[in-house]
Amino acid sequence: MAIEIAIKQKGFFKKKITLSMIKSLLDSHTILGERDSNSAYVFYELDSDNIDDINIVVQNPNHLGRGFMVRKKSKDIEVILNVPCTDQDVLDFFDFVSKTCTFFKVNSFTMDLERQVKLKELPTLTQDISDWNKDYLYQQVQDLHQNEHIFIVFAVKNPIHIPANILAQWSQENITDLERVFSTYLQNKQQEDLYYMKPSFFQKGDKIRGAYSLTETVDSIIPKEAFIPPITSGLPDGVAPNEWTVGLVRFKGKTDADIDHLPYEVFLDKISHLKLEEYDDLHWILRNPTKEFLEGLLK
């Protein structure tokens, strides 16, 4: 579920929407990124000023929750907040809405396609959404726990598959404390600089290969077993790879690299003796895979 706000300029002489303009409405420490169509919802920092046809992901590095998204629509701006989220996400979202309205010199915006909201109503609306979001998070946790499902949160950096035992603990929290616990959990999971191993997909004839990559010395979040991301995989519904591999990347200079591939099941078997730290329900953390370690997997 998401809250969507459209902020429309008025008059004949409308301001051009640029990346620098959007940055000017955000705190200087904010990081802007995007998620491509085969990203498994993984964050990449923006490397281009071309913001047409992309959802800009706004990341507050001082509070790593779910962030929010900004989308250019001709000379107007749309802002999207996925929920449930953290309280700080709600504050950051509405702060940007307020600053954008002020920049456009408009006194209202459209929420969820049809509701017209005056700018002077924003403090009350912010509090109302904050309270509603806490309640929605609480209900989600209760429902998922009772039905023994895991909780997939598409956080600002990458997806997090929250396991059943964590949900069981969270189900005992009251509404207010649960938001704090949820916020702390997302912060702790995302504060480390880890590479999230996600698959790319390649087709040759009737064969489809799902391929991961693991790079020398890069601390990585690795799947406990190969799987198709639940959204944005790039594959049509019902289509699955015939094989899964992992490419082991070792450097032999500043720019050159050797890449050899292993079947993913073989890779998992070769690391099964390691006592790896669990990242979430579907992933471990593999730290500092040295060149020697990677080459040992190929023997």
Side-chain angles (χ1 to χ4, degrees), residues 19 31-51 53-54 56-57 59 61 64 155-160 189-229 232-235 239-280 282-299:
L19 182 60
I31 300 172
L32 300 183
E34 64 174 314
R35 299 180 177 111
D36 65 36
S37 61
N38 189 30
S39 72
Y41 235 65
V42 176
F43 180 92
Y44 295 89
E45 284 195 46
L46 281 179
D47 59 4
S48 169
D49 289 338
N50 182 7
I51 58 172
D53 303 318
I54 69 167
I56 300 171
V57 182
Q59 180 187 125
L64 296 168
V156 69
K157 280 193 170 183
N158 53 254
I160 302 173
K189 286 294 179 182
Q190 298 181 95
Q191 65 186 353
E192 211 176 338
D193 186 16
L194 300 171
Y195 170 70
Y196 188 95
M197 270 176 56
K198 62 181 184 63
S200 296
F201 299 100
F202 305 91
Q203 183 168 7
K204 187 175 181 180
D206 59 354
K207 299 258 184 175
I208 297 176
R209 178 164 61 95
Y212 295 99
S213 67
L214 178 64
T215 302
E216 173 190 338
T217 74
V218 176
D219 296 341
S220 299
I221 300 169
I222 67 170
K224 296 177 182 179
E225 62 179 37
F227 69 95
I228 300 171
T232 67
S233 71
L235 289 176
V239 175
N242 308 93
E243 62 174 338
W244 291 91
T245 64
V246 57
L248 305 180
V249 183
R250 294 100 61 217
F251 299 110
K252 54 182 182 180
K254 290 185 177 180
T255 57
D256 295 332
D258 288 325
I259 305 175
D260 292 284
H261 298 268
L262 274 180
Y264 200 74
E265 287 187 358
V266 173
F267 166 72
L268 291 177
D269 183 62
K270 286 179 176 284
I271 66 169
S272 60
H273 65 286
L274 301 177
K275 295 181 178 179
L276 298 176
E277 176 187 348
E278 184 170 85
Y279 179 75
D280 65 12
L282 300 185
H283 297 85
W284 293 304
I285 299 175
L286 178 60
R287 299 187 184 278
N288 190 30
T290 63
K291 179 186 289 188
E292 293 74 22
F293 171 78
L294 295 181
E295 291 183 341
L297 297 177
L298 296 167
K299 295 178 180 177

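Hydrogens, waters and symmetry mates play no part in the numbers below; they use all other heavy atoms, side chains included.
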**Student:** For the side chain to side chain contact (heavy atoms under 4.5 Å, CB included) test, which of Leu294, Asp258, Ile259 pairs with Leu248?
**Tutor:** Leu294
**Student:** Assess whether side chain to side chain contact (heavy atoms under 4.5 Å, CB included) is satisfied between Lys157 and Leu194, documenting all intermediate values.
**Tutor:** CA-CA 10 Å; Lys157 280 193 170 183; Leu194 300 171; over 6 Å; no
**Student:** Taking the cut-offs as 6.0 angstrom to the six-membered ring centre and 45 degrees off its axis, would you call Lys189 and Tyr279 a cation-pi pair?
**Tutor:** yes
**Student:** From the options Ile222, Leu274, Ile221, select the one residue that forms a side chain to side chain contact (heavy atoms under 4.5 Å, CB included) with Trp284.
**Tutor:** Ile222
**Student:** For the ring pair Tyr212 and Trp244, is the centre-to-centre distance below 6.0 Å?
**Tutor:** yes
**Student:** Could you pull out all donor-acceptor pairs under 3.5 Å where a side-chain atom in residues 261-269 meets a protein atom, sequence neighbours excluded?
**Tutor:**
unit_1, atom_1, unit_2, atom_2, d
Tyr264, OH, Pro223, O, 2.8

**Student:** Counting N and O atoms only, with roles assigned by atom type, does the side chain of Gln203 sit under 3.5 Å from a partner on the main chain of Gly205, one being a donor and the other an acceptor?
**Tutor:** yes
**Student:** Grab the two heavy atoms, one from Asp280 and one from Glu278, that are nearest each other, plus how far apart they are.
**Tutor:** O-CG, 3.1 Å
**Student:** If you compare all heavy atoms of Phe202 against all heavy atoms of Ala211, which two are closest, and at what distance to 0.1 Å?
**Tutor:** CE1-CB, 3.8 Å
**Student:** Considering only residues two or more places apart or on different chains, which pairs with a residue in residues 201-220 satisfy salt bridge (charged side-chain N to carboxylate O under 4.0 Å, His left out)?
**Tutor:** none
**Student:** Mind checking what makes salt bridge (Lys or Arg N to Asp or Glu O under 4.0 Å) contact with Asp260, not counting sequence neighbours?
**Tutor:** Arg250
**Student:** I'd like to know whether Lys198 forms a side chain to side chain contact (heavy atoms under 4.5 Å, CB included) with Asn158, so could you lay out the CA-CA distance, the side-chain angles of the two residues, the decisive distance to 0.1 Å, and finally the verdict.
**Tutor:** CA-CA 10 Å; Lys198 62 181 184 63; Asn158 53 254; over 6 Å; no
